[in-house]
Amino acid sequence: MKSHLTTLCALALAATATASPKQYTVVVDKDATPEQAANVIMRDMLRNMSHENLEKKAAEGDEEAILRLGKLVATGEYRPDDRKLACRCLRAAAEAGDTTAIFEMGRFAIFGFGMKKNPAEAAEWFRKAAEAGNSEGWRLLGTMTYNGMGIKADTQAAIAYWQKAAEAGNAAAHNDLGQCYFRGDGVPKDWAKAIDMWRKGAELGDAGAQFNLGVCYLHGEHVQKSKDEALKWFEKAAEQGHEGALRAMYQLKRQQD
């Protein structure tokens, strides 16, 4: 997660006098001067115009353009208005072995972006991404396996996937495992392990783990009760938009006032 703050600026460009304006989102550092911001916006404008030319070639069937555009779509650097074209290009990049594209194909498949929703295909793409070293691929494969989305529900297999993700440093996977130990779901109920997992996830920056750890400190659940410690973790989770943490933080501060 980036620690610095950014300002979002939108720039509308018209290719012709009669064409509908196209919206681009430009990220400008909050400390940038007006001149620096203008330069960033101009560079982004020129880059996106270049991408439009690439999109045109891809739509015409140029294989090199399809692969190049697919890689841009995979990194989120460019999303063509034509969702089906975006999906086609991304698939080509994924099938060519681009690891970022492989993971993104899983997201396209599960959300139905430019294609019909296909959880089974999504699970396969996440598996390939995981085997290529993507820890989020392991985590999402675990989530899909746990819930039986496009793949047979299997709690033990899901836990194994989450463990692989956690071992690779995935923060959210630590939270998932903490939930399992907290509930005794697929593993013996173990408060100490649950808190250990939540602490690791919280320290790695997962908002869910931060909230859960805050709740433990708020109520003194197998840790020394501490409103200050609870507030610290609620604030960290709230900074990421966690609604439960926002409410808990507000209530705690009211009590302190």
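In this text, all values refer to a predicted model and were calculated from it rather than measured experimentally.
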Quiz item: Would you call Arg139-Glu136 a salt bridge at under 4.0 Å N-O?
Solution: yes

Self-check item: Intermediate values then yes/no, side-chain contact (heavy atoms from CB on, under 4.5 Å), Asn170 and His174
Solution: CA-CA 7 Å; Asn170 189 286; His174 282 94; 5.7 Å; no

Quiz item: Short question: side chain of His242, backbone of Gly244 - any donor-acceptor pair under 3.5 Å?
Solution: yes

Quiz prompt | Among Tyr217, Phe234, Trp233, ring-ring contact (aromatic ring centres under 6.0 Å, His included) partner for Phe211 | solution = Phe234

Quiz item: Is there a side-chain contact between Asp98 and Ile102 (heavy atoms, below 4.5 Å)?
Solution: no

Quiz item: Would you say Pro119 and Met144 make side-chain contact, with heavy atoms under 4.5 Å?
Solution: yes

Quiz item: Does atom NZ of Lys57 have more than 12 heavy-atom neighbours from other groups under 6.0 Å away?
Solution: no

Quiz item: Is there a donor-acceptor pair closer than 3.5 Å between any side-chain N or O of Asn147 and the backbone N or O of Met149?
Solution: no

Practice problem: Check Gly137 against Ala130 and note the closest heavy-atom contact, atom names and distance. | Solution: C-CB, 3.8 Å

Practice problem: Quick one: do Lys227 and Gln255 satisfy side-chain contact (heavy atoms from CB on, under 4.5 Å)? Show the steps, please. | Solution: CA-CA 10 Å; Lys227 288 186 178 180; Gln255 290 173 8; 3.5 Å; yes

Quiz prompt | Single-linkage hydrophobic cluster, 4.5 Å side-chain cutoff, Val215 and Met249 together | solution = yes

Quiz item: Got a second to check how far Leu246's CG is from Gln251's CD, nearest 0.5 Å?
Solution: 11.0 Å

Quiz item: Of all heavy-atom pairs between Ala237 and Ala245, which one has the smallest distance, and what is that distance?
Solution: CB-CB, 3.5 Å

Quiz item: So does Arg107 pair up with Glu104, basic N to acidic O under 4.0 Å?
Solution: yes

Quiz item: How far apart are the C-alpha atoms of Ile159 and Leu177, what are their side-chain angles, what is the distance that settles it, and do they pass the side-chain contact (heavy atoms from CB on, under 4.5 Å) test?
Solution: CA-CA 7 Å; Ile159 290 173; Leu177 289 170; 4.0 Å; yes

Quiz item: Hey, are the side chains of Arg68 and Leu54 touching, using non-hydrogen atoms and a 4.5 Å cut-off?
Solution: yes

Exercise. Please round to the nearest 0.5 Å and tell me the distance separating atom CG of Asn134 and atom OG1 of Thr100.
Key: 8.0 Å

Quiz item: Phe113 ring centre to Arg79 NZ or CZ under 6.0 Å, with the angle to the axis within 45°?
Solution: yes

Quiz item: Hey, what's the ring geometry for Trp198 with Trp191, parallel, tilted or perpendicular (30° and 60° as the breaks)?
Solution: perpendicular

Quiz item: How close do Ala65 and Ala58 get, heavy atom to heavy atom, and via which atoms?
Solution: CB-N, 3.7 Å

Quiz item: Do the side chains of Leu213 and Ile195 get nearer than 4.5 Å, heavy atoms only?
Solution: yes

Quiz prompt | Side chain proximity check, Leu69 to Leu90, heavy atoms < 4.5 angstrom | solution = no

Practice problem: Would you name the heavy atoms of Gly70 and Ala93 that are closest together and state the gap between them? | Solution: C-CB, 3.9 Å

Quiz item: Does the side chain of Glu203 come under 3.5 Å of the side chain of Gln210 through a donor N or O and an acceptor N or O?
Solution: no

Practice problem: Kindly check if the number of other-residue, nucleotide or ligand heavy atoms within 6.0 Å of CD (Glu60) is above 12? | Solution: yes

Exercise. Salt-bridge test for Lys232 and Asp228: reply yes if a basic N is under 4.0 Å from a carboxylate O, no otherwise.
Key: no

Quiz item: Hey, what do you get for CD (Glu124) to CG (Leu141), rounding to the nearest 0.5 Å?
Solution: 8.0 Å

Exercise. Flag yes if Phe103 and Phe111 sit in one hydrophobic cluster, no otherwise; membership is Ile, Leu, Val, Met, Phe, Trp, Tyr, and two members link when side-chain heavy atoms are under 4.5 Å apart.
Key: yes

Exercise. Run the salt-bridge test on Glu121 and Lys116 with the 4.0 Å N-O cut-off and return the result as yes or no.
Key: no

Quiz item: Linking I/L/V/M/F/W/Y whenever any side-chain heavy atoms sit under 4.5 Å apart, do Met105 and Leu140 land together?
Solution: no

Practice problem: List the steps and the verdict of salt bridge (charged side-chain N to carboxylate O under 4.0 Å, His left out) for Glu167 and Lys164. | Solution: CA-CA 5 Å; Glu167 288 167 5; Lys164 287 185 177 182; over 6 Å; no

Self-check item: Distance-only side-chain donor-acceptor flag, Glu55 / Tyr78, under 3.5 Å
Solution: yes

Quiz item: What are the two closest non-hydrogen atoms of Ala96 and Leu67, and how far apart are they?
Solution: CB-CD2, 3.9 Å

Exercise. Locate the shortest heavy-atom distance separating Ala122 from Gly106; write the atom from each residue and the value.
Key: CB-O, 3.4 Å

Quiz item: Are side-chain heavy atoms of Cys89 and Leu85 found at a separation under 4.5 Å?
Solution: yes

Quiz item: Below 4.5 Å, heavy atoms only, C-beta onward: do Glu229 and Val223 meet side chain to side chain?
Solution: no

Exercise. Group every Ile, Leu, Val, Met, Phe, Trp and Tyr by side-chain heavy-atom contacts under 4.5 Å, then state whether Val187 and Phe182 land in the same group.
Key: no

Self-check item: Atom pair OG1/CD1 of Thr145 and Ile151 - distance to nearest 0.5 Å
Solution: 4.0 Å

Quiz item: How about Tyr146 and Trp162: are their ring centroids closer than 6.0 Å?
Solution: yes

Exercise. Starting from the C-alpha separation in whole Å, work towards a yes-or-no answer on side-chain contact (heavy atoms from CB on, under 4.5 Å) for Tyr161 and Thr143.
Key: CA-CA 9 Å; Tyr161 294 142; Thr143 300; over 6 Å; no

Quiz item: Could you state the interatomic distance from CG (Leu218) to CG (Leu252), rounded to the nearest 0.5 Å?
Solution: 5.5 Å

Practice problem: Look at the side-chain heavy atoms of Ile, Leu, Val, Met, Phe, Trp and Tyr, link any pair under 4.5 Å apart, and say whether Met115 and Trp125 land in one connected group. | Solution: yes

Quiz item: So, Glu239 and Lys236, do they make that salt bridge, N to O below 4.0 Å?
Solution: no

